[in-house]
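Heads up: the structure comes next, in structure tokens.
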Amino acid sequence: AAKAAGRRTYRFFDPAMEAEANHRREIECDLRNAPAEGQFEIHYQPLVDLLSDEVTGCEALLRWRHPVRGMVSPADFIPVAEETGLIEEIGQWVLRTACAEAATWPAHVRIAVNVSPIQFKSETLSLKVAAALAETGLDPRRLELEITEAVLIADDDAALAALNQLRVLGVRIALDDFGTGYSSLQYLQRFPFDKIKIDRSFVKEVVRNSSSASIIRAVVSIAADRDMVTTAEGVETLQQRETVQNLGCTQMQGYLFSAARPAHEIRGLLAASAAAVENPA
Ligand code: C2E
Ligand code: MG
Ligand code: MG
Ligand code: MG
């Protein structure tokens, strides 16, 4: 009887909602098989020093090559991976693969890896990071973990303890997407970050919008006091680059220099830029 009632209720479902739920179930099911099927790959996006124009690091960005859907955006599958707990396994794969790749790069180039709040809350994160470093032989100082504000709000003391546990390993911590969430300038003072990444939404507005510029200026001034790098995300135009540089940002990332590219292309790019530094034209 309960089943019949369930079916009757089901008929009143909004078809759009039903389609959405089915889509999600499919993604979830395919996501479970993706690692074993070798459908994940990592693309790397250069991080560029604004003074020297040198590539000083790259961010690892996960790509899912779905056999039917083609490339699925992380925005579509990371939330599903987080809700199902699959993010633990996927995140560990990203960490290991990205560290192994970075170990082949010139020694001054760092690797930045995104860490989901779910991974961050796990008590074993620092053990897993230590294991990835040991397995790949990567110098801990070359690894940067990107976390978002979401991990800071729930429990200050626990977040601070977790951050310190990671820093003991010698890895660096970046605050990603600053300005999108519950952003507070106090976070920058309370937590020991090595880098603040100013969200693309501010960079997009900065040329025309003086309040975006004021916010960037405030972040830069706190960051400079505490020896933190400030990265402007999503720099697409020369004008944006010049504006964020004039505001004091020290690093940029964005399509103006390069989108995220497959590992072999990045290897070529890093080799070419190392050669340019050794033999200036
Ligand atoms: P994010 O960490 O803030 O990464 C930057 C995003 O901005 C990337 O999108 C990148 O391709 C995009 N981007 C960079 N420069 C530009 C630009 O000039 N213009 C525009 N319009 N976009 C630019 P992507 O690769 O789609 O990743 C989206 C988000 O998915 C990431 O945002 C991150 O939060 C998450 N993500 C990606 N890979 C991983 C991963 O391995 N683990 C976890 N937990 N999250 C990941
Ligand atoms: Mg990031
Ligand atoms: Mg970001
Ligand atoms: Mg962002």
Side-chain angles (χ1 to χ4, degrees), residues 31 34-35 39-48 55 57-65 70-102 110-122 125 128-129 132 143-151 172-181 183 193-207 219 229-241 243-244 249 251-263 265-266:
L31 203 53
Q39 292 167 2
F40 286 131
E41 58 191 85
I42 301 177
H43 286 192
Y44 298 88
Q45 185 177 34
L47 296 153
V48 180
V55 176
C58 292
E59 178 173 4
L61 293 162
L62 185 58
R63 298 291 178 256
W64 180 15
R65 208 181 279 281
M71 281 290 195
V72 184
S73 160
D76 289 330
F77 71 84
I78 295 282
V80 180
E82 288 177 338
E83 278 168 34
T84 54
L86 288 166
I87 193 70
E88 291 273 2
E89 180 192 344
I90 296 172
Q92 191 58 17
W93 180 85
V94 172
L95 195 57
R96 239 187 289 115
T97 310
C99 287
E101 180 59 29
R110 294 197 171 102
I111 177 73
V113 176
N114 290 287
V115 172
S116 151
I118 310 282
Q119 292 171 274
F120 189 78
K121 281 190 204 109
S122 147
L125 178 63
K128 287 175 172 167
V129 170
L143 175 61
E144 188 160 80
L145 300 175
E146 296 195 0
I147 63 165
T148 54
E149 289 156 332
V151 307
R172 295 157 55 92
I173 309 286
L175 181 60
D176 203 357
D177 301 338
F178 184 81
T180 51
S183 293
F193 300 115
D194 299 285
K195 176 187 288 190
I196 310 299
K197 299 186 76 175
I198 299 167
D199 192 67
R200 174 151 58 90
S201 52
F202 291 94
V203 174
K204 199 172 164 189
E205 295 291 310
V206 73
V207 174
V219 172
V229 173
T230 38
T231 306
E233 292 192 282
V235 174
E236 296 183 354
T237 68
L238 206 52
Q239 206 182 4
Q240 288 169 348
R241 181 207 156 124
T243 311
V244 297
C249 290
Q251 191 175 71
M252 72 165 174
Q253 174 178 12
Y255 296 166
L256 175 67
F257 186 84
S258 173
R261 288 150 69 172
E265 287 183 29
I266 288 294

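Ligands are counted one by one from 1 in listed order, and the atoms in each one are counted from 1 as well.
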**Report entry** Mutual orientation of the aromatic rings belonging to Trp64 and Phe40 [parallel < 30°, tilted 30-60°, perpendicular > 60°]
**Finding:** tilted
Query raised in the report: Given Thr97, Val203, Leu62, Thr180, which has its nearest heavy atom closest to atom 41 (O) of ligand 1?
Result: Leu62
Query raised in the report: So, Lys204 and Gln240: side-chain donor and acceptor under 3.5 Å apart, yes or no?
Result: no
Query raised in the report: Do you know which N/O/S atom name in Glu59 is closest to the Mg ion (ligand 2)?
Result: OE2
Report summary line: The answer for which part of His43 has a heavy atom under 4.0 Å from ligand 1 is neither
Requested in this report: Of all N, O or S atoms in Glu233, identify the one at the shortest distance from the Mg ion (ligand 3).
Outcome: OE2
Requested in this report: Indicate, as side chain, backbone, both or neither, the part of Asp176 found under 4.0 angstrom from ligand 1 when only non-hydrogen atoms are considered.
Outcome: side chain
Report summary line: Near Arg63 (heavy-atom distance under 4.0 Å), the atoms of ligand 1 are 11 (O), 24 (P), 25 (O)
**Report entry** Main-chain N/O of Phe202 paired with Glu205 side-chain donor or acceptor, under 3.5 Å
**Finding:** no
Query raised in the report: Is it true that the side chains of Gln253 and Thr231 contain a donor and an acceptor less than 3.5 Å apart?
Result: no
Query raised in the report: What part of Ile78, side chain, backbone, both or neither, has a heavy atom within less than 4.0 angstrom of ligand 1?
Result: side chain
Query raised in the report: Do you know which N/O/S atom name in Glu146 is closest to the Mg ion (ligand 2)?
Result: OE1
Query raised in the report: Of all N/O/S atoms in Asp176, which lies nearest to the Mg ion (ligand 2)?
Result: OD2
Query raised in the report: If hydrogens are left out, which of Tyr255, Phe257, Phe120 has an atom nearest to atom 18 (O) of ligand 1, that is, the closest non-hydrogen atom?
Result: Tyr255
Query raised in the report: Where on Asp177 is there a heavy atom closer than 4.0 Å to ligand 1, on the side chain, on the backbone, on both, or on neither?
Result: side chain
